[in-house]
Amino acid sequence: MGSVALFEAAKSIRDWSINEGRTATTPGRAVEAFASLVFNDKVQQERLPKPVYTALRGTITRGEPLDAASADAVAAALKEWAVEHGATHYTHWFQPMTGITAEKHDSFLVPMPDGTAITEFRGKELIKGEPDASSFPSGGMRSTFEARGYTAWDPTSPPWLHVSGSSATLVIPTAFVSWTGEALDKKTPLLRSMEAVSKQAVRVLKLFGSTAERVFATCGPEQEYFLIDRNFYFARPDLINAGRTLFGARPPKGQEMEDQYFGSIPERVLACMAEVELELFKVGVPVKTRHNEVAPSQYEIAPVFENANLAVDHQMMTMETLRGIAPKYGLACLLHEKPFAGVNGSGKHNNWSISDEFGNNLLGPGDTPHDNMQFLVFCAAVIRAVDKWQGLLRASVASAGNDHRLGANEAPPAILSIFLGDMLTDIFEQIEKGAAKSTKHGGTLDIGVSVLPKLPRDAGDRNRTSPFAFTGNKFEFRAVSSGQNISFPNTALNAAMAESLDSIASELEGAIAKGEDLATAVGRLLTKIIKAHKRIIFNGNNYAPAWEKEAARRKLLNLKNTVDALPQLVTRETLQLFDKYRILNERELHARYEVFLENYNKTVNVEANLMVLMANRYILPAALAYQKDVAQSVAAVRSAGGSTVQGKRLLGGYTRLVDGFKAQTDALERRLDHNSASAEKHAKYMRDKVIPAMSRLRELGDRIEVLTPHELWPLPTYREMLFVK
């Protein structure tokens, strides 16, 4: 089967080359295409009556309610625009706690009594939908027999058209709640957290004389992913069902030569990237960067910053588009955090900041950050938030898949810390000692070649090992995983930041009410924060073993796996945090804890069962066939009077290996026969008993792969999957 898949992969590359399956994307075409399928502000201005447009903008920017007549007018204009673009259906697109998106399509068509039909779309259909809520994860908030759920139009994320072949569907981003009003999705708590951080940030801004009434969390998530030939994908049951390889020996060459990172992009991959980008441009996703990543066959796509809610929607659209376009080029897109053992896994660096309604980035330091009191206050708020809520942030990125990646010398460790860089670290050290009086500058870098320009140099280097790094005008949360919906990590960040800004605003407001001037109050506050929370700042090598010891000395949390991390979601402090800012009540947060635990248990269970299946149906038959061949060869040599010493040694060693593999397969299967009424206890059992058994089985299986002839091996190998492009 492995040889067949390799032949088919080579054939698909040849066929693609012959057919020149490329998408011609010129700069002019990209500009023309951008947001052409989005009912955005420009289209709204053109198609809505001015009073309706004004009312809609009030809803989007200030949360003002939209009256029924205006909603009907918006729905009518939206329908006409969609129909003009060929749409026949609309869908309320939402993000349940499955981690992916969901949709139910309804037709615009309305039959008439005379046998004809018209198209119709009313305000009530725009504002509310009613999908069945019983089959989505609810963490106990909904019983199976309680089916009613509602989708609610999110006007802050503009509708767009999904075009696939001859079909066009109007996609309306929505929140998803139960009949009881509890959040069943990932968008609702994100929007609530954005309201919370806005309210507290505005309080701080007013102290500095700002007239801003709204602040927005912003986000720009980088997406790493693998592309492999689709024939290999279909020949690997583990990739199809688990998203990662459960068996697979390391190839002779992996990423040791460091020739993949930022290397020349293979032609077929580049053509796929170009079409992905064009489709994303059409629906308004502002993708900016593409390049080869560190591991062979690994790549990255990254957008520019935008409103966090919109960024989350766009990120889900990006993943769906990558998976949808890749097959057109004979490729499969892998978004798992660790599809291949022994090479780098994939993350989703979550670049996060906050901006006011006038577009001012509140984490922009300016030219003299030591004099920029407002920036220093917001930066100190982040330091305080990450230190105080490190457990929550760690739990927000916890999953069975991410456990394979975090701390593996390719991704940040499970210990949360902040990299500030030399410039900001120096400023906060000055503050701790009394007052900041200067800012380090990097000066100019002279490369030493006359024809090359002198480069302005930053005041400090970057740190790729930090889980939470300041990168000039934002913080990069690098522990987020590649296949994850980024809503919850951003919700957690916003919640932590809201609490931190609330504390800061209250203290400064109190000081000013007592007659203290702002500068003095800020200086005292910053000194207090840095002394209390400087333990979270670390600019060194987070991969070094010494850091783990140092982090323990600093009493930082080291939650090494999902089972350790998830309880942080339901501590008394976390429950109070989310309830205080009306992001999630206790029942809603406990529900997410249960859903995350259930997902962990199901993921490990599926993978373990799949390993047993692959061991019995794929690896053992191949191993026994080779064992028989060797035995027959030894017998033939013996009958001919030849020496069988080496043959017997090979046969004996291989037989013991195969026997051990079969015994370990049976042992893993027995360990899967476990039931527990407690999801927590079952998760600990999976972590402590099942996963180690899976690791031992894989080790034996990979040793068998190395010794078994290629023509007998039934699965595509790493050597093929990672390097046939």
Side-chain angles (χ1 to χ4, degrees), residues 35 38 40-41 60-63 95 154-158 173 186-187 189-205 210 212-223 280 284-289 301-318 348-366 372 374-375 377-383 385-386 393 396-397 418 468-480 484-501 581 583:
V38 183
N40 56 18
D41 183 64
I60 293 171
T61 60
R62 296 183 296 278
Q95 299 170 30
D154 172 17
T156 65
S157 183
K186 294 178 178 288
K187 178 185 279 282
L190 174 67
L191 289 171
R192 292 171 179 171
S193 73
M194 292 177 68
E195 291 280 352
V197 80
S198 175
K199 181 178 179 180
Q200 303 307 324
V202 166
R203 288 175 61 198
V204 175
L205 286 177
S210 172
E213 295 294 334
R214 298 278 288 182
V215 166
F216 302 96
T218 56
C219 181
E222 305 166 20
Q223 176 71 61
L280 290 174
V285 182
V287 288
K288 176 80 171 175
T289 302
I301 182 172
V304 298
F305 258 60
E306 54 186 340
N307 176 290
N309 177 48
L310 189 56
V312 169
D313 286 356
H314 282 169
Q315 165 57 206
M316 299 306 293
M317 292 155 64
T318 297
K348 184 145 49 189
H349 299 174
N350 190 86
N351 295 283
W352 176 91
S353 188
I354 48 178
S355 298
D356 66 19
E357 63 188 279
F358 307 121
N360 300 308
N361 184 350
L362 304 183
L363 291 177
N372 190 340
Q374 180 178 293
F375 161 74
V377 166
F378 278 96
C379 189
V382 176
I383 294 170
V386 175
L393 295 178
S396 75
V397 298
I418 290 179
F468 204 91
F470 185 74
T471 56
N473 61 358
K474 62 188 183 301
F475 282 92
E476 184 179 35
F477 191 12
R478 299 181 65 249
V480 182
Q484 182 176 13
N485 183 319
I486 61 172
S487 286
F488 195 65
N490 281 285
T491 298
L493 266 174
N494 292 339
M497 192 64 172
E499 187 277 333
S500 197
L501 290 170
Y581 298 102
I583 298 169

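Note that this is a predicted model, so its numbers are computed, not measured.
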Is there a side-chain contact between Gln374 and Leu205, using heavy atoms and a 4.5 Å cut-off?
yes

How far does CG of Leu493 sit from CE of Met194, to the nearest 0.5 angstrom?
12.5 Å

Closest heavy-atom contact between Asn309 and Leu190?
CA-CD2, 3.8 Å

Where do Val215 and Leu362 land on the side-chain contact (heavy atoms from CB on, under 4.5 Å) test, with the steps shown first?
CA-CA 9 Å; Val215 166; Leu362 304 183; 4.1 Å; yes

Once rounded to the nearest 0.5 Å, what's the spacing between atom CD1 of Ile583 and atom CG of Leu191?
11.5 Å

Would you say the side-chain atoms of Ser500 pair up with the backbone N or O of Ala381, donor to acceptor, closer than 3.5 Å?
yes

Roughly how far, to the nearest 0.5 Å, is the CD1 atom of Ile486 from the SG atom of Cys219?
4.0 Å

Closest non-hydrogen atoms of Asn473 and Phe470, given as atom of the first, atom of the second and distance, are N-CZ, 3.9 Å

Evaluation steps, side-chain contact (heavy atoms from CB on, under 4.5 Å), between Asn494 and Trp352
CA-CA 10 Å; Asn494 292 339; Trp352 176 91; 3.1 Å; yes

If only side-chain N and O atoms count, and only distance matters, is there a donor-acceptor pair under 3.5 Å linking Gln315 with Asn485?
no

With side chains defined as the heavy atoms from C-beta onward, is the minimum distance between Thr491 and Lys186 less than 4.5 Å?
no

Rounded to the nearest 0.5 Å, the OG atom of Ser198 sits from the CD atom of Glu213 at a distance of 9.0 Å

Are Leu363 and Val382 packed together at the side-chain level, in the sense that at least one heavy-atom pair is separated by less than 4.5 angstrom?
yes

Hey, does Pro303 have a side-chain heavy atom less than 4.5 Å from the side chain of Thr318?
no

Contact summary for Val38 and Gly284, nearest pair of heavy atoms:
CG2-N, 3.7 Å

Do Pro489 and Gln484 come close enough that some side-chain heavy atom pair is under 4.5 Å?
yes

To the nearest 0.5 Å, what is the distance between OG on Ser487 and CG on Asp313?
7.5 Å

Please walk me through it: do Val197 and Phe216 pass side-chain contact (heavy atoms from CB on, under 4.5 Å)?
CA-CA 8 Å; Val197 80; Phe216 302 96; over 6 Å; no

For the OG atom of Ser157 and the CE atom of Met317, what is their distance to the nearest 0.5 Å?
7.5 Å

Could you list the residues that satisfy ring-ring contact (aromatic ring centres under 6.0 Å, His included) with Phe477, not counting sequence neighbours?
Phe468

Between Glu195 and Arg214, is there a side-chain N and carboxylate O pair less than 4.0 Å apart?
yes

So the salt bridge (Lys or Arg N to Asp or Glu O under 4.0 Å) pairs with at least one residue in residues 354-363 (sequence neighbours excluded) are none

Is it true that Glu476 and Asn350 share a donor-acceptor pair across their side chains at a distance under 3.5 Å?
no

Verdict with reasoning, Val204 to Val377, per side-chain contact (heavy atoms from CB on, under 4.5 Å):
CA-CA 9 Å; Val204 175; Val377 166; 3.9 Å; yes

Would you check if the side chain of Ser396 reaches a backbone N or O of Leu393 as a donor-acceptor pair within less than 3.5 Å?
yes

Heavy-atom closest contact (Tyr581 atom, Ala498 atom, distance):
OH-O, 4.0 Å

Pro158 versus Leu310, closest heavy-atom pair with distance
CD-CD1, 3.8 Å

Tell me, do Ile354 and Asn361 make a side-chain contact under 4.5 Å, heavy atoms counted?
no

Student check: side-chain heavy atoms of Lys187 and Asp154 closer than 4.5 Å
yes

Looking at side-chain heavy atoms only, is the closest gap between Ile301 and Leu280 below 4.5 Å?
yes

What are the two closest non-hydrogen atoms of Met497 and Phe378, and how far apart are they?
CE-O, 3.5 Å

